[in-house]
Amino acid sequence: MSFMVFIAIVAVVGISYCEGNSGVSCFESEKRALLNFKRDIIDPSNRLSSWSENGGDCCKWLGVYCNNPTGHVYKLDLRPPATPPVYASDAEFGVYWRSMLRGKINPSLMSLNHLVHLDLSHNNFGRTLIPGFLGSMESLTYLDLSGANFGGAIPHQLGNLYKLQHLDLGDNSNQLFEAKNLQWLSGFSSLEFLDLSEVDLSKATDWLEVTNRLPSLKELHLSACFLDNDPSSIMVNYSSLCILDLSNNFLSPPVPAWIFSLGSLVSIDLSGNAFEGVIPSSFQNISSLKFLDLSSNSFNSSLPVWLFSLKHLEFLSLRGNFLQGKIPDSSGNLSSIRTLDLSGNLLEGPLPISLENLFTLGKLDLSNNNLNQEISEILKVLFRCCADELESMNLANSNLSGHLTDQLGQFKKLSYISLSQNSISGFIPISIGNLSSLQYLDVSDNHLDGNLPQNLENPMNLEYVNIAYNLLEGVVSEGFFSNLKRLRVFRASQNKLKFEPNSNWIPPFECQTIELSYWFLGPKFPTWIQFQKDLSTLDISSAGISDVVPSWFWNFTSKMVSLNISHNQLEGEIPFLPVHKLADLRSNRFSGPLPRILPDMATLFFTNNSFSGSLSSFLCDYRLGKPKLFLLQLESNLLSGEIPDCWKQWQGIRVLNMANNNLTGRIPDSLGYLGFMFLNLRNNKLSGEPPLTLADNSQLFMLDIGENQFTGNIPKWIGKSLPNLVILSLRSNSFNGHIPDELCELSSLQILDLGVNNLSGEIPKCFKNLTAMATKPNGTDDVIDYFVEGEFIRNELLVMKGRVREYSTILSLVTTMDLSSNNLIGNIPKEVTNLESLQSLNLSGNSLGGNIPDHLGSLKMLESLDVSRNHLSGSIPESLSNLNFLSHLNLSYNDLKGRIPSSTQLQSFDEYSYIGNQLCGPPINESCGIKGGTPPPNHGKEESEGWVEKHMIYFSVVMGFLVGFWGVVAPLLFSKSWALAYYAKVAAIGGKCPSCA
């Protein structure tokens, strides 16, 4: 009994010692040191408010721990509170950020002679240096400065802390670096934990040698340290090492052999390196392994059977490799597995039945594979193994089909479900309301149909719901949302759902993201949005709303980062647009002057509205800070006046579209200094010449100044200074002179439109150098998608197939040349036939002569050809019959002669494609005759086709004249009696016809 009492006393004393703040008072000198430390700390949230002169016993201050027997401060833990969850409110994140200590570390800490534990992690010290004086605090056994935003070189004075057992300098965002080597670690004979993750160790080539000599080391974390393979041949023997993390480095094959000799390892993380080939079988030698992460490498074999013999394995991730084949039956032998991640490979289904033996499975990720299986079959397997254990299931983009069944609602612990990007159909089962632990649900981009459940009977913890891009339809009731009080993200766009709550409905949730594009929410503006005070992303585009936007909408939240209300019929004026990053107001009826915007606005769509007035107040009177606008779309409004010369403060703009307005005057010089990638000023009333300053826009991809009143020659600097130009349209202006040869230097050009100008001279033969028209179109969309994900930020009006068409989504795949309606002369250069990727060629309305080039048929991709209204002669080349994609042809009003070549393609056009020539054969009605043939091309001699018929016609005309003359007129000349009788007869006929008299 006395022994038990003794044990209880020891336990109480131990607990008192650990908590450290019972029955003792701190020393005045240590209190003074703490107050001096606080003096240099910036504490936005006043977290250290208890630290004061009048704060009493410092052992009771926040983060201060005292040794109970001695009263000395032995532990200082100033970590901020725990990081908030992913979908926490802005207010919660704000509290967390403000709780981070800032400032600098005062040397007064050196006065805490008994301090053994110092934790300043996850604060924000603004990339300041780690103080070297910390190396003088020799009593420290625990030092954690991780994630505290320290920078610069690691002070080697830390090597004096010979008692250290735990050292964590990781997660400082690669701001820390080792300038020389790691020899300063050599004296840490007691060190058990070392984390230098995200420290640049590229110069510390001795990392393996030094860490190998730490006799007590149990955990080594060197993630993202810029490590290469160690070329040395040292003997590696981490005698005590249990956890090894070398992830996210530049280690290349083979996997270092020394790793397989460490039989004591229980955790290995080699993810994010450059390993490839077969997964080494030597891993099976580490029989005690519980954690193995080989994700984000380039292993490309099948899944090895031996891998599933590691019976102690609790975590296995092979995500993001190139593994292929089926998941073997032996996978069911992982009897201890808690997390299995095989996502992002080339694995095929179906899943083996043996998976039903994984009774401890809590997290399964098989996404981004080709399982090719019905979802109901997978649910049956998982239900038999782990219905009571499974917490996370990710099967996104795995080629799944079939229907969701009510069995889904029986996985009681599920908190995460992702089934997006499959072909799952049918209803969303109402049993999903039984998943009270569910926080994340993503079934987007499937074929789900029907309506949403009218009521979710049980309260749910759902924070994230994504049902977008399905075939859901019907009326959504308020009851669906009644038990979703924790909802933070609701993505449901691209369905046919209708939601018309009562006008006084107050949502039970406060979301950060609401996306309801293509729902029917109108015709009135949805008033329930005003209760979403934490909203940062709102998309109610194409929602059938026809209303004046209420004034509260422009002021109800200051947190809006992304706003899309496009493609409705919204009206009214906007005095101020309080959105921080992206605002899309396209295709509405907004009027009045352009609204003021916040300085951090990046992407702005005002296209197709009725904004009016001058640009001056929007651009020149901007006083809210330096604007960061990247993309500005003002196309198709009622803007007027001159373009103001005040663009210098808008240096971030790279995409500008002001087409289809009433802008006048010249393009100001300052506009040319912005470094555009896309510039569209089409269809205004701009005049003068393009400013030379535009030559500085070397990254310009698109330049469209068509349908204006520009004059002068086409600037030569376009070809010299804009090497990346893909689209050039100068259409419908008054440019004159020759087409400059410098345009031939635009090797990336896919669309060239110089039509409807006053250009003269010949078509440059050097057009053969336009290599983008001679090869497969490049990936211009890759550049465009970089700007605004999911939004096409450019379109172009092109004359193709005889009509004006607008191209946007496939613009990067179009190759066209339009030189129509000018004064060009000479022949069509045969060099044009080198542009084998050309899809449209329009040379109509010029004064071109000669023959159509023989090899024009080599333009295999040609869909539209128009050479009408020229002076082309000769015959139609036989090679045109090889143009299998040709859907528009116009050869009318030239001097072409002969038979139209026979082909399915050429005979499919109507006669108007050939009118105004001397052609024969189908599809026109003119027959070529039985013996007719096609004349040889490109000869200046008279065509031989049907020469017998033509000469017979001439002979008949002559003979008819002779017979008529000598048979009727000649007798009148030689016989007087016949002549008198003839004239008397004519006079008699005239008497009977008074109108002829």
Side-chain angles (χ1 to χ4, degrees), residues 687-690 692 694-695 703-723 725 727-774 798-799 815-835 838 840-856 859 862 864-874 890-896 938 940:
S687 57
E689 297 183 3
L692 182 59
L694 284 175
L703 176 61
D704 187 346
I705 55 174
E707 299 183 47
N708 280 287
Q709 300 169 10
F710 292 109
T711 56
N713 294 334
I714 294 177
K716 295 181 179 181
W717 53 257
I718 292 179
K720 286 289 187 182
S721 303
L722 307 179
L725 210 58
I727 301 169
L728 174 62
S729 177
L730 308 179
R731 184 179 187 83
S732 297
N733 281 285
S734 298
F735 287 109
N736 52 43
H738 293 191
I739 299 174
D741 287 346
E742 284 78 4
L743 292 189
C744 301
E745 299 180 30
L746 299 174
S747 59
S748 298
L749 199 65
Q750 291 177 212
I751 295 173
L752 174 62
D753 191 348
L754 307 179
V756 196
N757 280 284
N758 298 317
L759 301 174
S760 57
E762 298 186 352
I763 298 174
K765 295 181 179 180
C766 62
F767 271 177
K768 66 180 180 180
N769 297 328
L770 300 175
T771 53
M773 295 185 182
L798 303 177
V799 178
T815 49
T816 176
M817 180 183 291
D818 191 336
L819 309 179
S820 63
S821 301
N822 281 287
N823 301 312
L824 301 175
I825 60 174
N827 296 338
I828 299 175
K830 64 180 181 180
E831 286 79 6
V832 169
T833 64
N834 293 333
L835 307 180
L838 204 61
S840 175
L841 178 61
N842 190 347
L843 306 177
S844 64
N846 284 286
S847 298
L848 300 171
N851 296 298
I852 297 175
D854 239 0
H855 297 292
L856 200 63
L859 303 181
L862 207 62
S864 177
L865 174 62
D866 190 345
V867 293
S868 63
R869 295 177 290 115
N870 280 285
H871 305 305
L872 299 173
S873 58
N890 194 347
L891 307 179
S892 64
Y893 299 105
N894 281 285
D895 297 321
L896 300 172
N938 292 330

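Computed from heavy atoms alone, side chains included, the values below leave out hydrogens, waters and symmetry copies.
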Margin query: Which residue is it: L759, I739, L848? I am looking for the one with a side-chain contact (heavy atoms from CB on, under 4.5 Å) to N822.
Written below: L759

State whether the side chain of [X] and the backbone N or O of [Y] hold a donor-acceptor pair below 3.5 Å, judged by distance alone.
| X | Y | value |
| --- | --- | --- |
| N769 | F767 | no |
| N894 | V867 | yes |
| D704 | G706 | yes |
| N736 | N758 | no |
| D818 | S820 | yes |

To the nearest 0.5 Å, what is the distance between [atom1] ([X]) and [atom2] ([Y])?
| X | Y | atom1 | atom2 | result |
| --- | --- | --- | --- | --- |
| Q750 | L838 | CD | CG | 11.0 Å |
| S864 | L841 | OG | CG | 8.5 Å |
| S821 | L843 | OG | CG | 11.0 Å |
| I705 | L694 | CD1 | CG | 8.0 Å |
| I751 | L703 | CD1 | CG | 12.5 Å |
| L770 | N834 | CG | CG | 10.5 Å |

Do [X] and [Y] touch side chain to side chain, with heavy atoms closer than 4.5 Å?
| X | Y | value |
| --- | --- | --- |
| S844 | Y893 | no |
| I828 | N870 | no |
| S760 | H738 | yes |

Results of side chain to side chain contact (heavy atoms under 4.5 Å, CB included) for [X] - residues two or more places apart only:
| X | result |
| --- | --- |
| Q709 | K685, S687 |
| K765 | P829, E831 |
| D741 | P764, C766 |
| N890 | D866, S868, H888, S892 |

I need the minimum non-hydrogen distance between [X] and [Y], along with the two atoms involved.
| X | Y | answer |
| --- | --- | --- |
| T711 | E689 | O-CG, 3.4 Å |
| N846 | L824 | OD1-N, 3.0 Å |
| K716 | P740 | CG-CB, 4.0 Å |
| N733 | F710 | OD1-N, 3.0 Å |

Note to self: Which residues pass the side chain to side chain donor-acceptor pair (under 3.5 Å) test with K720, not counting sequence neighbours?
What the structure shows: E745

Check: Going through the checks in order, is the side chain to side chain contact (heavy atoms under 4.5 Å, CB included) test met by L728 and L730?
Finding: CA-CA 7 Å; L728 174 62; L730 308 179; 3.9 Å; yes

Check: Would L865 and L859 satisfy side chain to side chain contact (heavy atoms under 4.5 Å, CB included), going step by step from the backbone distance to the final call?
Finding: CA-CA 10 Å; L865 174 62; L859 303 181; over 6 Å; no

